[in-house]
Amino acid sequence: MKKALSLIDKLNQEKALELEEWVFLIEHREEETAETLFALARDIQRRQFGNQIYTRGLIEYTNYCKNNCYYCGIRRDNKAVERYRLTPEEILDCCRRGYALGFRTFVLQGGEDGYDTDERMEEIIRAIKKGYPDCAITLSLGERSYESYLRLRQAGADRYLLRHETAQETHYGMLHPPESSGANRKQCLRNLKEIGYQTGTGFMVGSPGQSPQSLAEDMIFIRELNPHMVGIGPFVPHHETPFAREKGGTVELTLYMLGLLRVMLPKALLPATTALGTIDPKGREKGILAGANVVMPNLSPLGVRNKYELYDNKICTGEEAAECRHCLASRMESIGYKLVVDRGDYKEEN
Ligand code: 5AD
Ligand code: FES
């Protein structure tokens, strides 16, 4: 058997590989190996989740950010972006519309906005939980202190998404200014898990400076963290960032990494991301067929959608939430899957 295939087999058996083995698998990609990988990933996905795809309603509630990540369109030095911050009433209105459409998870995502004190976030979380007690709340507000994560968890937040972006320290330094630390980011993730959040991490595929070695380190970090969710999508350049002229990530490598993640973490929640849908009109469908099982359509009010542009040409910025949900439902049906009305919690026992 080809070495790449026997490594995929080993990954399937042992759910882990050595660093050099990851590097080999990533360096020696071939269409045939990828097809075998996706078939295995779909088998595992079907066994765990049937043909059900979970949805999360994404509410991009602020695009203020105090950070300056080189890749990100809402970095603080981007003076061309018009900043906005939804009021608690506007956020609740998104939930109301989302609930009616069948969403049972709301993801509050924003830049690291200094305005988001624990008190303000606690109030918003409590209000959502009061109005929609059967829904899960996912936060995606970046790095905060242990105490802050604890308070928000106690206020009712169930899950937290914080991509580690890259596990390799030198690569982290190429993507972020010196004020940001990869070590702190990893510590935040450990804190989130310890506090009891269903925790999501992830990385961009094809970011400047990424190598098979750094991707291998991502897989090893993820194996060790053992998160409940892993979000990966291609890096897409944004014209108002230092990376405006860099090359973007590919569909091919993103799908391959998704397949490997599904084999390594059978129970994990893996979104077919908007970034993947942005660089390929069938990107999200291909993501599902490579092992993903979650989609996260936008619930943000139409008026602010084009202001939350992390990268260029982001899709769905002109669609009503209802259109987006229906569009995704028929996209999923077209490949034999269905969107379900379910919180879509991580299930230990699967
Ligand atoms: N291209 C693709 N993904 C990006 N993100 C931020 N900027 C970009 C970009 N230019 C991703 C980061 C972040 C998530 C919310 O969006 O991985 O964690
Ligand atoms: Fe948003 Fe298709 S998913 S319009």
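Order of listing sets the numbers, starting from 1, for every ligand and every atom in it. For this chain, numbers begin at 1 and follow the sequence in order. Just so we're clear, the structure is a prediction, and the values are computed from it rather than from any experiment.
Residues with a heavy atom under 4.0 Å from ligand 2: Arg284, Cys316, Glu319, Cys324, Cys327, Leu328, Arg331.
Screening Lys314, Glu240, Glu60 against Glu309 for a side-chain contact (heavy atoms from CB on, under 4.5 Å) leaves a single residue, Lys314.
Each of the atoms 7 (N) of ligand 1 lies under 4.0 Å from some heavy atom of Cys72. Residue contact check: Phe235 has heavy atoms under 4.0 Å from atoms 1 (N), 2 (C), 10 (N) of ligand 1.
Defined by atom type and a distance below 3.5 Å, a donor-acceptor pair is missing between the side-chain atoms of Asn298 and Glu319. Checked by atom type, the side-chain pair Thr138/Arg56 shows no donor-acceptor distance below 3.5 Å.
Within the structure, the closest approach of His238 to ligand 1 does not fall below 4.0 Å when heavy atoms are considered. Residue contacts with ligand 1 include Pro234, since one of its heavy atoms falls under 4.0 Å from the ligand.
In terms of protein heavy-atom proximity, atom 16 (O) of ligand 1 is closest to Leu310 CD1, 3.4 Å. Tyr71 CD1, 3.3 Å is the protein heavy atom nearest to atom 7 (N) of ligand 1.
Using a 4.5 Å cut-off on side-chain heavy atoms (C-beta onward), Asn226 and Leu265 make contact. Between Glu18 and Phe24, the closest side-chain pair of non-hydrogen atoms is not below 4.5 Å.
Ring-centre distance between Tyr149 and Tyr160: below the 6.0 Å cut-off.
Around atom 10 (N) of ligand 1, the closest heavy atom drawn from Thr274, Val236, Leu58, Val205 belongs to Val236. The closest heavy-atom contact to atom 18 (O) of ligand 1, among the options Glu309, Glu165, His164, comes from Glu165. One option in Met204, Lys314, Arg163, Glu246 has a heavy atom closer to atom 14 (C) of ligand 1 than any other, and that option is Arg163.
Between Tyr70 and Phe243, the ring-plane angle classifies as perpendicular under the 30° and 60° cut-offs.
Between Arg223 and Glu21, none of the side-chain N atoms (NZ, or NE/NH1/NH2) sits under 4.0 Å from a carboxylate O, so this pair counts as no salt bridge.
Without hydrogens or angle criteria, Lys186 side chain to Ala167 main chain gives a donor-acceptor distance under 3.5 Å.
Under a cut-off of 6.0 angstrom, the local environment of CD in Glu323 is crowded, with over 12 non-hydrogen atoms contributed by other residues, nucleotides or ligands.
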